[in-house]
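Okay, so here's the structure we're looking at.
Below, read A as the first sequence line, B as the second, and so on, with proteins coming before strands; counting in each chain starts at 1.
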There are 2 protein chains.
Amino acid sequence: MTRPELADRRVLVVEDDPTVLEVASTYLRAAGYLVDIASDGFAALEAAANRRPDLIVLDRMLPGIDGVEVCRRIRARSAVPIILLTALSATDDRIDGLEAGADDYLTKPFSPRELVLRVQSILRRSVTDLTPEAAVVLGAFELDPSARTVRRDGRELALSVREFDLLAFLLKHPRQAFSREQLLRAVWHWEFGDLSTVTVTVRRVREKIENDPTEPAILVTVWGVGYRLDL
Amino acid sequence: MTRPELADRRVLVVEDDPTVLEVASTYLRAAGYLVDIASDGFAALEAAANRRPDLIVLDRMLPGIDGVEVCRRIRARSAVPIILLTALSATDDRIDGLEAGADDYLTKPFSPRELVLRVQSILRRSVTDLTPEAAVVLGAFELDPSARTVRRDGRELALSVREFDLLAFLLKHPRQAFSREQLLRAVWHWEFGDLSTVTVTVRRVREKIENDPTEPAILVTVWGVGYRLDL
DNA sequence: GGCCTCCGTCCGCATTTCGTAAGGTTCCGG
DNA sequence: CCGGAACCTTACGAAATGCGGACGGAGGCC
């Protein structure tokens, strides 16, 4: 269930309630992350400095230093993504947290699964800039994820951001049929939304990779299901 | 009409009230899930360990061990999604449950339809899991479930959704006779319905896989029983 | 500000799908 | 060999599905 590209990423969880700490770290480990833990503000600052986590999950209410203050101090030294946990959904808290430099927000009680999703969604973004991803060569296509280019027969294709993301995903999972919903989740990172968004982007990609876009031979329609990349 | 891609997922329902148990499992089966049941905490823990369900629906009030405790213990060993059923909508209960590691919450009395929706919504995420399903090679036939293709002698067959689902099911269970009712349940996920629906779809599949559709040699009629795939 | 690209949304149209029904054919017991 | 049940075949049309075109807001660039 773990996505290989996200493996070996380090997450620091800062939380004083042992139960919440336990649940959160279990889920994150299950999702393939290396999890460090801290129970108060001082330990959090120390761990943030020494363990160099790729992301921090931080409780707002902490013994010792307040969570928002911890967030501010970490931010002063590093750009590591921070998810703040708060007991209330009060607007003031949210504003405080965002001003202190938090990247995302989660209101307690939260679903551990949702936490994992947020973590994944944030790390997914930063993972690309850090570790250069392996290139994929498939038939006439050549994908270089770190350069964000796709070449066909050696010539580079002029793709927009969305078009690239979609084609890159399909090149990484060739000969597999995906529903529009799956693509919306995997490529757009949306949990819901208009499925025609996918349809249109597929069409635009076809316009650029198919010899005859009227008769797609590469990015094929699977009727009643979705799309598939045939090579 | 349910989506075939969700089929073959295992759900464990833990509930001491026979009526609720009956209703819930019936609805979930109708939605295409394989349903296991347990009536108390001990049975639940055992089933969770042995049957390896993809999701657990867990009553909060149980004879023997409390539901929340069961939840906690399962969670200690596995990250399987858990939906907790509770008699009250008290906020305290909700927090207890979420801290114990439940993924979602449903207040009794609940609509069975809503239960199915929650289950689907949670499992949908793990369905996005990109591990391709194993291919089946049987005689001249080659089934690739993740690409949603069937090839015969290397040539890909042009099958519609229903036709593919039916043939895929039969290829996964060859040399076994199925009644129309069984096929309607397994392939269509219908609990009732016109049996001629099956007849016609069988005929359409025959048109595409038989050398002489007039004399079926592969998708054979078992008189008075149903159909069977011979190879 | 003005121009351009990107991208999500919407609408009308063509195609495909698939359940249903109706009439014909095959099978089997007696 | 007869009658009825089981099964086959064909056809129809509503509904679902996908596609192209177009529109317009958002955001970047000059």
Of the nucleotides [options], which one has an atom closest to the side chain of [X]?
X        : options               : answer
B:Trp190 : C:dG19, D:dC8, D:dG21 : C:dG19
A:Arg203 : D:dA5, D:dT10, D:dG21 : D:dG21
B:Trp188 : C:dC27, D:dC8, C:dG19 : C:dG19
A:Arg180 : D:dT9, D:dG18, C:dT9  : D:dG18
B:Thr199 : C:dT20, C:dT15, D:dT9 : D:dT9
A:Thr201 : D:dG18, C:dC18, C:dG8 : C:dG8
B:Trp223 : C:dT20, D:dA5, C:dC7  : D:dA5
B:Thr221 : C:dG19, C:dT15, D:dC7 : D:dC7

Please confirm whether the shortest side-chain N or O distance from [X] to OP1 or OP2 of [N] is below 4.0 Å.
X        : N      : result
B:Tyr227 : D:dA6  : no
A:Arg162 : C:dG8  : yes
B:Ser160 : C:dT16 : no
A:Thr197 : C:dT9  : yes
A:Ser196 : C:dG8  : no

Practice task
With heavy atoms under 4.0 Å as the rule, sort A:Val161 into base, sugar-phosphate or nothing.
Solution key: sugar-phosphate
Practice task
Pick base, sugar-phosphate or nothing for A:Gly193, based on heavy-atom distances below 4.0 Å to the nucleic acid.
Solution key: nothing
Fill in the blank from the handout: When B:Arg51, B:Arg29, B:Arg9, B:Arg52 are each screened for salt bridge (Lys or Arg N to Asp or Glu O under 4.0 Å) with B:Asp36, the one that passes is B:Arg51
Rounded to whole angstrom units, what separation is found between the [atom1] atom of [X] and the [atom2] atom of [N]?
X        : N      : atom1 : atom2 : result
A:Arg148 : C:dC6  : CZ    : C1'   : 14 Å
A:Leu159 : C:dT5  : CG    : P     : 16 Å
A:Leu167 : C:dC7  : CG    : P     : 14 Å
A:Leu166 : C:dC6  : CG    : C1'   : 15 Å
B:Asp194 : D:dC8  : CG    : P     : 14 Å
B:Lys208 : C:dT16 : NZ    : C1'   : 10 Å
B:Glu181 : D:dA6  : CD    : C1'   : 13 Å
B:Glu215 : C:dT25 : CD    : P     : 16 Å

Problem - SB check A:Arg72 A:Glu69 (cutoff 4.0 Å) - result: yes
Problem - Stepwise salt bridge (Lys or Arg N to Asp or Glu O under 4.0 Å) check, A:Arg203 with A:Glu207 - result: CA-CA 6 Å; A:Arg203 187 172 76 217; A:Glu207 207 68 45; 5.8 Å; no
Exercise for the section: Find out whether A:Leu143 and A:Leu138 are in side-chain contact, i.e. whether some heavy atom of one side chain is under 4.5 Å from a heavy atom of the other. Expected result: no
Problem - A:Phe141 side, atom CZ; A:Leu167 side, atom CG - distance, nearest 0.5 Å - result: 6.5 Å
Practice task
Establish whether the base of C:dG19 is bridged to the side chain of B:Arg204 by a donor-acceptor pair shorter than 3.5 Å.
Solution key: yes
Handout entry: Criterion side chain to side chain contact (heavy atoms under 4.5 Å, CB included) against B:Leu166, the qualifying member of B:Leu159, B:Val202, B:Leu171
Key = B:Val202
